Structure formats: C-alpha cells, structure tokens
There are 2 protein chains.
Amino acid sequence: MSEPVRRRAARGRGVELRGQVLAAAMDLLAETGDEQAVSVRAVALRVGVSVPSIYLHFADKQALLDAVCEQVFEALHVRLRAASEGAADPFAALRAQGNAYVHFALENPEHYRIVMMLRHPPTAEAADRAIAGGAFDYLVESVRRCAALGVYTSDPVEVALGLWAAAHGVAALLIAKPYFPWPDVDGFVDRTICMAGLGLAAAERVPGDGSLPLPELVAALDSLTR
Amino acid sequence: MSEPVRRRAARGRGVELRGQVLAAAMDLLAETGDEQAVSVRAVALRVGVSVPSIYLHFADKQALLDAVCEQVFEALHVRLRAASEGAADPFAALRAQGNAYVHFALENPEHYRIVMMLRHPPTAEAADRAIAGGAFDYLVESVRRCAALGVYTSDPVEVALGLWAAAHGVAALLIAKPYFPWPDVDGFVDRTICMAGLGLAAAERVPGDGSLPLPELVAALDSLTR
DNA sequence: CCGCAAGATGAACGGCGCTAACTTAGCGGC
DNA sequence: GCCGCTAAGTTAGCGCCGTTCATCTTGCGG
C-alpha cells in the first residue's frame with residue numbers, strides 16, 4: 001500500500017531502473033525461494049513501476065533471468081577464490097573449492113536452480129558460456145596447480161569437468177530431492193568431493209581402461225592403506 | 001482438424017481416460033522436448049477431450065507430472081537391471097549401471113529434467129521417495145555385492161549416494177548446459193563413472209580424513225600403478 | 001518558454017491452471 | 001419400453017501470466 005513514491009529518473013538516468021529491477025528480482029527470489037514468484041508483474045510492483053517499464057531494460061523475462069544468473073555466477077566465482085585462499089596445498093585448495101561450491105548452492109538453492117537446472121533457450125548460449133567461463137576457468141587453473149605437483153597427469157580440463165560433475169551432482173541432488181532421507185549433509189558433501197579428487201587421480205593410474213580383473217584391482221587399492 | 005471422434009467411455013470405464021491422458025502427456029513431452037508444451041490444454045486437445053476432463057483423473061497438473069515421473073523411474077529401473085545383467089563381476093556391473101543411468105537420462109532429457117530438476121511441492125514428498133526407492137535400492141544392492149568382494153567397506157548406502165551424485169552430476173550438466181564445449185560425451189560419462197567407483201574405494205583407504213600431506217598422497221597413489 | 005525525445009504508462013491480447021454449474025448418456029429396475 | 005440415477009463429460013469463466021502498442025508525461029537544450 002505504502003509503495004515508496006518512485007520519482008521518474010532524470011534525462012540520462014534511465015539505466016538506473018535496470019539495476020533496481022535486477023535487485024528486486026534477486027530479492028524476490030531469495031525471499032520467496034520460488035522461481036514462480038518472480039513474475040514480471042511482481043518485480044514491477046516491488047520496484048514501484050508499471051509492468052511495461054521492465055521491458056525498457058530487458059528484452060523479455062528470460063533476459064532478466066539471464067542477468068540474475070550472471071550475478072549469481074559472479075558471486076560464486078568470488079566465493080571459490082576466497083575458499084581456496086588459505087589452503088595448505090593445491091589439493092587441499094581443490095577440496096575447499098569443491099565444498100564451497102556445494103555450500104554456495106545450498107545457501108542459494110533457487111538461484112542455483114535457475115542457473116543450473118532450468119531449460120535455457122538457444123539464445124542463452126553465449127550467456128551460458130560467459131557465465132560458466134569465469135568460475136570454470138578458475139577451477140581448471142586449480143587443477144593445473146595440482147597437476148604440477150604430480151597429482152594429475154591427464155588433461156586438466158577433463159579433470160576439472162569430473163570435479164564439476166561431482167560437485168554439481170551432490171548439490172543438485174540435495175536441492176532437488178529435499179525429502180530424500182539424506183545422511184549428515186556436510187559429511188556427504190565432503191565425501192563426494194574427496195571421492196572425485198581421489199577418484200580422478202586413481203583412475204589415471206589404473207592400467208588399461210579400468211576393466212582389469214576384480215581381485216587385482218582390490219589388491220592395488222589395498223596397497224594404498226599401507 | 002480431423003480429431004479422432006472420441007466416444008464417451010462406458011459406465012465403469014471412466015478410468016481408461018486416465019491412461020490416455022498420461023500417454024498423451026508422455027508423447028507430447030517426447031515429441032516437443034519441451035516441458036512448457038505439456039500444458040493441460042495441449043494434453044486435453046491431443047486426447048480429444050475437454051480441459052476439465054483431465055481433472056477427473058488428476059488432482060492438478062502436478063499430479064499428472066508426478067504420474068509421468070513414476071513411469072520414467074520405472075523405465076529407468078528396468079534399464080538399470082538390464083545393463084548390469086551380463087557384467088563380468090559386480091564392479092563391472094556397477095560401471096555398466098552408471099553408464100546406463102546417464103545414457104537413459106541423455107536419451108530422455110526432458111523426462112529426466114522433470115523428474116530430477118524441477119521444483120516439487122511438499123505434497124510430492126511421498127511420490128519422490130517411492131519413485132527414487134526402487135532404482136536406488138537396486139543400486140545399493142549392487143554396491144553390497146561389491147562390498148562382499150572387498151571393494152567397499154563403508155556403509156553401502158553412503159557409497160551408493162556418492163555414485164548417484166556422480167551419475168546425476170554428469171547427466172544433469174550435459175542436459176542443462178548443451179552449449180558448453182563438452183569433449184567426447186561417451187568418454188566423459190565413463191570417466192566420471194569410473195572416477196566415482198574408484199574414488200569411493202580409494203577414499204576409504206586413505207588414512208585420516210584425507211588431508212594428509214600431498215607428497216605422501218601422491219606416493220600412495222603412484223603405488224597403484226605398479 | 002517552447003519543442004522534443006527519453007521515460008513511463010493504461011489497456012488489451014492470447015494463453016495458462018483451475019473451478020462451478022451444467023448437460024449428456026449408459027444402465028439397472030419396473 | 002420407459003424412468004431415474006449417476007458416471008462421464010462440457011460450457012463458460014475467473015485470475016494469473018508474458019508481451020505489445022499507442023499514448024501520455026516531463027526534464028532539459030535551444
């Protein structure tokens with residue numbers, strides 16, 4: 001009822017509305033935790049502006065969501081950098097990064113869902129690439145640092161993809177199936193991250209295509225214990 | 001235009017419409033590859049019936065989608081059983097199962113998306129559990145067979161969760177980010193499955209919480225090569 | 001103080017999920 | 001053979017959605 005009386009923007013200041021619209025969309029998503037609640041009408045109402053005004057700055061609803069995704073991925077990128085900052089060694093940094101990735105997703109489940117689980121029309125191809133680029137490139141960099149110390153020997157990009165798949169898998173499962181009887185979440189997350197980090201290193205070292213007879217495999221694995 | 005002139009069902013035969021509606025929804029989803037295309041109106045039109053008739057057999061659209069999910073998971077369960085049938089040993093069976101899981105998802109991307117990536121309201125809790133139950137229990141069983149041969153020693157459910165996370169991760173990434181410059185898909189999938197299978201086994205054998213100094217870890221891993 | 005373009009809007013269109021009130025038709029009983 | 005009950009299905013409409021077009025308002029350079 002007591003909508004803040006928004007004054008029309010000054011001559012060259014039309015762009016300011018764009019920021020307010022984007023912020024309103026992000027807030028709405030965070031508050032309601034429901035993508036459905038982020039309708040063009042709801043966003044316009046919150047900003048205190050008419051519906052068509054949204055279209056002055058975003059081609060359509062998808063463009064608005066794309067902008068939201070961009071912000072989310074930027075925040076994620078920052079978070080990943082921070083997480084791996086104080087790690088003891090590159091392998092520990094990778095582990096910290098993986099855990100940070102999943103926890104970021106769990107803390108912003110609807111944002112993560114929009115970015116990673118919604119169908120994006122072909123027009124969003126460029127956005128997708130750019131969006132994933134920053135954070136993913138950083139992950140590849142982290143893998144390279146591990147490779148330099150002998151942990152990994154194969155293509156860092158492929159190793160990074162494996163890590164990404166594991167992290168996304170656990171995050172996506174926890175978000176999409178909240179009613180599943182999960183065990184301790186933090187433990188599950190860290191175990192999965194370690195599984196990926198170790199598994200990729202181990203897979204490189206197993207001879208052949210990994211389909212060696214079972215007894216030999218178990219014996220080789222057991223030699224790890226020592 | 002030439003809609004098949006649907007005759008009203010006989011007295012006790014009202015339920016038959018339910019099956020037709022469900023089939024129409026599945027077909028529509030498979031043909032268009034777009035969840036948006038599965039609207040109550042579109043389904044009704046395809047069956048050759050008025051819109052409210054849908055609600056005679058499904059409480060709401062979500063209930064219809066839940067029924068679709070149930071069918072999908074049943075098909076997946078069948079596929080997993082078939083995949084692990086002719087495997088050389090339980091570990092190979094696990095690997096075959098993982099690959100089959102991902103390929104099933106890639107062949108039915110929109111079905112998989114609805115089941116695993118859409119927000120399900122709390123009312124779907126029971127459905128979710130039941131749905132995931134069959135296939136997941138079978139996965140746990142497969143893990144148990146590996147554990148009996150010494151591959152895994154920790155809780156089979158937790159191991160199965162790790163495998164599920166990896167398989168879902170790679171499937172979900174490939175489906176949600178089709179424009180990402182993926183390398184060879186089949187290879188990526190199999191590598192990720194092996195990563196999980198080996199990684200879970202390796203993680204159990206690394207002493208402590210896995211954060212041992214890097215040189216020792218690399219040395220332990222290298223002993224695998226032999 | 002005038003004119004114009006940038007900024008913002010009111011009204012409407014077609015499609016969506018869903019519902020209340022109504023009609024049609026199969027079938028057992030007389 | 002007709003009656004009445006009720007299962008099966010429809011018509012009309014509500015409020016929401018994303019989107020568009022013609023229109024109005026207003027800051028500001030001349």
Side-chain angles (χ1 to χ4, degrees), chain A residues 3-25 28-29 32 34-69 110 114 118-121 123-124, chain B residues 3-22 24-25 28-29 32 34-69 110 114 118-124:
Chain A
E3 279 302 324
V5 199
R6 223 194 84 91
R7 293 200 64 76
R8 172 200 278 253
R11 248 317 156 92
R13 306 270 172 170
V15 220
E16 290 176 2
L17 180 55
R18 193 194 135 94
Q20 300 181 39
V21 169
L22 183 50
L28 219 44
L29 193 61
T32 65
D34 180 4
E35 33 163 316
Q36 304 266 37
V38 185
S39 70
V40 176
R41 279 171 165 83
V43 171
L45 183 67
R46 164 158 300 217
V47 176
V49 90
S50 76
V51 173
S53 294
I54 305 289
Y55 291 88
L56 295 175
H57 302 286
F58 297 94
D60 52 18
K61 188 185 180 179
Q62 185 60 51
L64 173 54
L65 291 183
D66 285 350
V68 169
C69 292
E110 289 308 309
I114 284 192
L118 253 52
R119 179 189 190 75
H120 287 228
T123 58
Chain B
E3 279 300 324
V5 199
R6 222 193 83 91
R7 292 201 64 76
R8 172 199 279 253
R11 253 299 157 106
R13 305 272 173 171
V15 221
E16 291 176 3
L17 181 53
R18 192 195 135 94
Q20 300 181 39
V21 169
L22 184 51
L28 220 41
L29 193 61
T32 66
D34 179 6
E35 34 162 314
Q36 304 266 35
V38 186
S39 68
V40 176
R41 279 170 163 85
V43 172
L45 183 67
R46 165 159 298 217
V47 177
V49 89
S50 75
V51 172
S53 294
I54 305 288
Y55 292 91
L56 295 174
H57 302 286
F58 297 94
D60 51 19
K61 188 186 180 179
Q62 184 60 51
L64 173 55
L65 291 184
D66 285 350
V68 170
C69 292
E110 289 307 309
I114 285 193
L118 253 53
R119 178 189 191 75
H120 287 226
T123 58

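Keep in mind that this is a model prediction, so the values were computed, not measured. No hydrogens, no waters, no symmetry mates; every other heavy atom, side chains included, goes into these values.
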Taking atom [atom2] of [N] as reference, at what distance in whole Å does atom [atom1] of [X] sit?
X: B:Gln36; N: D:dT19; atom1: CD; atom2: P; answer: 11 Å
X: A:Gln62; N: D:dT19; atom1: CD; atom2: P; answer: 9 Å
X: A:Leu56; N: D:dA22; atom1: CG; atom2: P; answer: 16 Å
X: B:Arg41; N: C:dG14; atom1: CZ; atom2: C1'; answer: 10 Å
X: A:Leu28; N: D:dC17; atom1: CG; atom2: P; answer: 11 Å
X: A:Phe58; N: D:dT20; atom1: CZ; atom2: C1'; answer: 18 Å
X: A:Glu16; N: C:dG7; atom1: CD; atom2: P; answer: 10 Å
X: A:Asp60; N: D:dT20; atom1: CG; atom2: P; answer: 8 Å

Among [options], the one nearest [X] by side-chain distance:
X: A:Pro52; options: C:dG17, D:dC21, D:dT19; answer: D:dC21
X: A:Tyr55; options: C:dG17, D:dT19, C:dT9; answer: D:dT19
X: B:Lys61; options: D:dG18, D:dG9, C:dG17; answer: C:dG17

Could you check whether [X] gets within reach of a base, just the sugar-phosphate, or nothing at all, counting any heavy atom under 4.0 Å?
X: A:Ser39; value: sugar-phosphate
X: B:Ser53; value: base
X: A:Val51; value: base

Check: C:dA25 base within 3.5 Å donor-acceptor of B:Arg8 side chain: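 No.
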Between A:Glu35, A:Glu110, A:Gln36, which is the residue that forms a side-chain hydrogen bond (donor to acceptor under 3.5 Å, both in side chains) with B:Arg119?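 It is A:Glu110; the other options fail the test.
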Which heavy atom of A:Leu28 sits nearest to which heavy atom of A:Ala37, and what is that distance?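 Of all heavy-atom pairs spanning A:Leu28 and A:Ala37, the closest is CD2-O, 3.9 Å.
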For a quick test of reading the model, state the closest non-hydrogen atom pair linking A:Phe58 to A:Ala67 and the distance between them.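 Closest approach of A:Phe58 to A:Ala67: CE2-CB, 3.9 Å.
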Given that A:Ala42 and A:Ala59 both sit by DNA chain D, which one's nearest nucleotide is further toward the 5' end?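 Nearest-nucleotide comparison on DNA chain D picks A:Ala42.
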Flag side-chain contact, heavy atom, 4.5 Å: A:Val21 against A:His57: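 Contact flag for A:Val21/A:His57 side chains = no.
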Enumerate, atom names and distances included, each donor-acceptor pair closer than 3.5 Å involving a side-chain atom of residues 38-45 of chain B, sequence neighbours excluded.
residue: B:Ser39; atom: OG; partner: B:Ala42; partner atom: N; Å: 3.1

